[in-house]
Amino acid sequence: MTRNFSRRHFLALSGAAGLGAALAGGMPQAFAAGLSGTSLTLLPSQAPSNWKAVLDKANAALLAEHGFTLDAQFINWSNYGQQSLLKFTAGASFDTALQALWLNMAQLQQSGSLADLTGELDKWPNLKAQIAPKLIEANSWNGKLWGIPQVNSAGRVQHFSIRQDLAEKHGFGEIWDFDTLERYFYTIKEKEDGVTPFGIGANSTWVLAVPTPTGMFNQQSWEDPTRMQYLFAGSGLRFLLAKDAATTGSSKPIPFWEDDGVVAALRKIRKYHEDGIINADPFNSDSATIQSQFQAGRIASIWSMTDGLASNQLVGLRKAVPTASLAQVVPFGKPLSEVKPVQTFQADNMVVVNANGGDVDRALALQDWLSVKQNHDLIEYGIEGTDWEAAGDDSLNQLSQYAFPGYALLWRSALERRSSFMTESEKAVFDWAQDYDNFATDTFASFIPDVSAVKQEAAQMNNVIIQHANPLFHGLADVDAQLDKLKSAADAAGLNMLQAEMEKQADAYLKARG
Amino acid sequence: MSTTGYNESLLDHEAREADKPAARRRARRRPEPFTVASHIVVTLFGLFCLIPLWMIIAGSFTDETVLARQGYSLFPNPFSLAAYELLFSGQSLLNGYVASLFITLVGTILSVSSTASLAWVIARRLPWISRPLTVFAYVPMLFHGGLVPLYLLVTQVLSLSNSWFAVILPILLAPFLVFITVSFFRQLPEEILDAARIDGAGELRIFFQIVLPLSKPILAVLGLFYAVTYWNEWFMALLFVSDPDKYPLQLILQNLIANVTNATSLPGATAAQAAAPVYQLRFAMTVLTVGPILLAYPFAQRFFVKGITLGATKG
Amino acid sequence: MQGKAVVPATRRRRPSSPDGLVLLLLAVPGIAWFSVFAYGPMAGLVVAFKDFNVRDGIFGSPWNGFANFRYFLTSGDAVTIIVNTLFLNALFLSASLLAGLILALMLNEIRGSLYRRFMQSTIFFPYFVSPIVISIMLQVILSGVGGSGGALNNLLSVIDLPQLSWYTEPGAWPWILTIVKVWQLGGYTSVIFLAAITAISEEVYEAAAIDGASRARMALSITTPLLLPTLGVLLVLGVGRIFFGDFATIYAIVQDNGILFPTTDVIDTYVFRSLRTIGDFGTTAAIGLFQSVVGFFFVTAAVLVQRRFHKESSIL
């Protein structure tokens, strides 16, 4: 379970959603009647520094407005998955928890542990105003909503954070395209002694090759970011579905190694490994280690996500390298205004309501209350003046160590404030990622492969992928020889069954979608 | 068994090598080659353990940038207290120390007394009792019911949530240590016990007044091992203690390290958390864990000196 | 067996039965604890035979016979993994027991000095180092931060030997892991032997000294045989766990490095990896039960062998 965390970004990308049903209309209902007690929520990480004062203040307002109070149980990240599942299993009494496909959401939904929230949002105007209809649609599974999606941007696009100061030192301007980026890597390798051009940790490996809709080193996907990958939860085996599926009606899934673009990317990664472009010890480095080395100036570029966090690295980095600056290189090879990558709009994180021992109305009343800017700011950033101060409309300066896991309770993209030191480069990317119209919706956007029919094959395949595919993703093995090993191991683990089941489900999805 | 071979060949080799200088040094007494060899091997193994210990301590005081560059540090340069500042900031560690001390003290006393008494009953080889008890105590070493039933037992059947006893009770007895103790008890010289029986001492008196005083070394081992377990226990606290004011020290540290190492890629973390010293923190955490135990260990060692001479038989 | 001073335990006079009942009182706390905290939760083992789902919980979920056992036993890797588990555990067990025994014998030679206490503390310390820190230190030694060489490779190049990429050499890892285990457990195990040594009567040594025996002779012919019962107990207890992999250490060090799996993957790491996302309690419990049952057979065999050849040290 301890591994869950570092995988969250990546697993989230692979998520899928059920068929969406737009929840138009709905009757505004009188509420606040009969709500009482305490709404307990399970949150990852630990209580923020000033939590008691913030909670008191919030509870005074909540009690007056709704008649109940909020309480939170914090469980540290490494144990959150196991502990929250245990509490569901043991029938503990709490209202809400963070769940997601990369945790145990599918399992909990199947066993009836989650309250059905379909249509409930209509009763709560503040909440409804903050959650885009597109988001509800994409995160409904077969038309049913099992959690409230928590996002801080519309699209999520992986990209590079690079040391721009090093780029300028060696005569590079703004880097856009793959070839220039590659030249940058080789220049760093040649001219900057002791600096690894690109660093990545274990578990995040496939993102370098497999399109989501781009793979970091998958040059073909840079030019054509129109495909997402899909997988059975827990199998590790990523399938690519036919590009023309929408017109032909057949999905024809292929395992990632049958795609030319992916294989070309694997060869490139192998070459980068041999040339010392990628860190040589990816298996022994977790993401924290990589970040630590990046901040120490030992690595020139790392993986980033459009989550508004990339600039945070500068704080640590400037301690070691005072002149350091960062730039985001988005893997499209052209200006953002000219691309329209596909997305599934799946949320990484959902707030779910406990069906056995939780109170749906109270949980949603809380979500509604948290959708008001003032309340939202109080819980997420702490007490204004003590913990933070506003810097413009949508930014803030942090004044204390107050840190709340907002993504687990109250992320509303329109209400999120940015840290005051976000770089211009990141701002440009993050702004662009806020707009649903900058993205295309993938043909299979709300498709959730259901693993229950092929559970054993999935579990065995997971081992095959870790043992035989990960060395490829890291460039640690000869591509052709390792691909042969991978293929025969995958065949033995039941590739045919997984592929056939994927095809069956994807085709059914297409048919239902019409 | 390369290690063994290594040790043995080292032993012979070093013994031969070291014989001459050692002989010169201690010319008064004929030096025993084995004693000399022992000093050398123990010293070498000690260094094998000491160097990493030093690297950890030095690393915990070294600036993160240096650690990220080479992964270790032999001298804390540049010197940095960042990790300790982080560990001692935030939630007060005082409550944590109180909780840990309570759990360790009460737990160790309960564990040592119940382990020793159970072990004595097994060690006595009583017909119809000892053998079934052996099996009874052995089976749990292999078979575990798993987390969920234990959770239900402690929270719902026993209602121990949020109590320090919820941390102590589930790990009260270690079958492994029961059997170590049994084996020690069976080595006790029978003459002493027979003498006591002839004097008309009952079984309970024999246990409390003769066996226990003779068993100080094994009681010290039990105390040490149990105390170490309780001091380091955080998982039971994670399961059953939800009030942060009642967290034992190790759980507080565990939470902190989990959050800091994850903070770099977590939305919601402050920039300062994102810049936390990851390597340094892991080293500092080891120091904080080991420190108190290494301080307590010499106390336990007092009991490892030769305790039993046959002089005791006369009593 | 040289144990003239120790009357073999089998010759012990058995207490009369009323006394036995009194003695039983002493066992009451232990029996109570085992019944509640060890045997109580064992009811949960039924989940190994169930199609577990969260809402119905352990006792409410439907039965599914032996389906949960199929997953592991039918997987193509089962043989490699079982062989690895047995081989690595046999290595770890014998190496750490031997190291503990030798260290105890040798520490015993260092008498009454501050130096001995210092060394005893020092060699005990590795037991407390967490697996993640062990993993960091190994990397420093074997590959260097960022894979830039490592202390051992630097040493190799100094003496003109080719450098090795240790983290892609599966063959070396059983031995590397064994060295780690000896480092970790040598001191810890030696404490148990040291306690047993204190139970040996001083007079035996005095008698031997009068006969002119050397210290080495005494260690080999007096101390070692008298430590056999303790060694026997440790061995039997270890044999029972031989089907359980040392998850924490192996996983922290090897992580998801598939290249090393052929020699390092054990049952526990395999199960953790393949099920961490699916999180199926039923399958996990089934594999655990399988390990326990096999362990039980091993330990029964070990006890029988022990009773046949060295009855004094039998735990039964």
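Since this is a predicted model, take the numbers as computed values, not measurements. Below, chain A is the first sequence line, B the second, and so on; all start at residue 1.
- With contacts defined as side-chain heavy-atom distances shorter than 4.5 Å, the pair C/F125/B/L50 does not qualify.
- Between B/F179 and C/L234, the closest side-chain pair of non-hydrogen atoms is not below 4.5 Å.
- By the ring-ring contact (aromatic ring centres under 6.0 Å, His included) test, C/Y39 is found to be paired with B/F136, residues two or more places apart in sequence or in another chain being considered.
- The backbone N or O of C/R215 sits less than 3.5 Å from a side-chain atom of B/E32, completing a donor-acceptor pair.
- A donor-acceptor pair under 3.5 Å is formed between the side chain of C/S292 and the backbone N or O of B/L142.
- Residue B/T115: no heavy atom, backbone or side chain, is found under 4.5 Å from chain C.
- Looking at heavy atoms from C-beta onward, C/I179 lies in side-chain contact with B/F48 at the 4.5 angstrom threshold.
- Within the 4.5 angstrom heavy-atom criterion, only side-chain atoms of C/W33, from C-beta onward, approach chain B.
- Side-chain atoms of C/R241 come within 3.5 Å of backbone atoms of B/M141 as a donor-acceptor pair (strictly under, hydrogens ignored).
- C/F243 pairs by the ring-ring contact (aromatic ring centres under 6.0 Å, His included) definition with C/F290, not counting sequence neighbours.
- Of the two parts of C/V46, neither the backbone nor the side chain holds a non-hydrogen atom closer than 4.5 Å to a non-hydrogen atom of chain B.
- Here B/H144 contributes atom NE2 and C/L289 contributes atom CG; the two are 11.5 Å apart, rounded to the nearest 0.5 Å.
- Side-chain atoms of B/W120 never come within 3.5 Å of backbone atoms of C/L23 as a donor-acceptor pair (strictly under, hydrogens ignored).
- Only the side chain of B/V154 comes within contact range of chain C, with at least one heavy atom under 4.5 Å from a heavy atom of that chain.
- Ring pair C/Y188/B/F225 is parallel by interplanar angle, where below 30° counts as parallel and above 60° as perpendicular.
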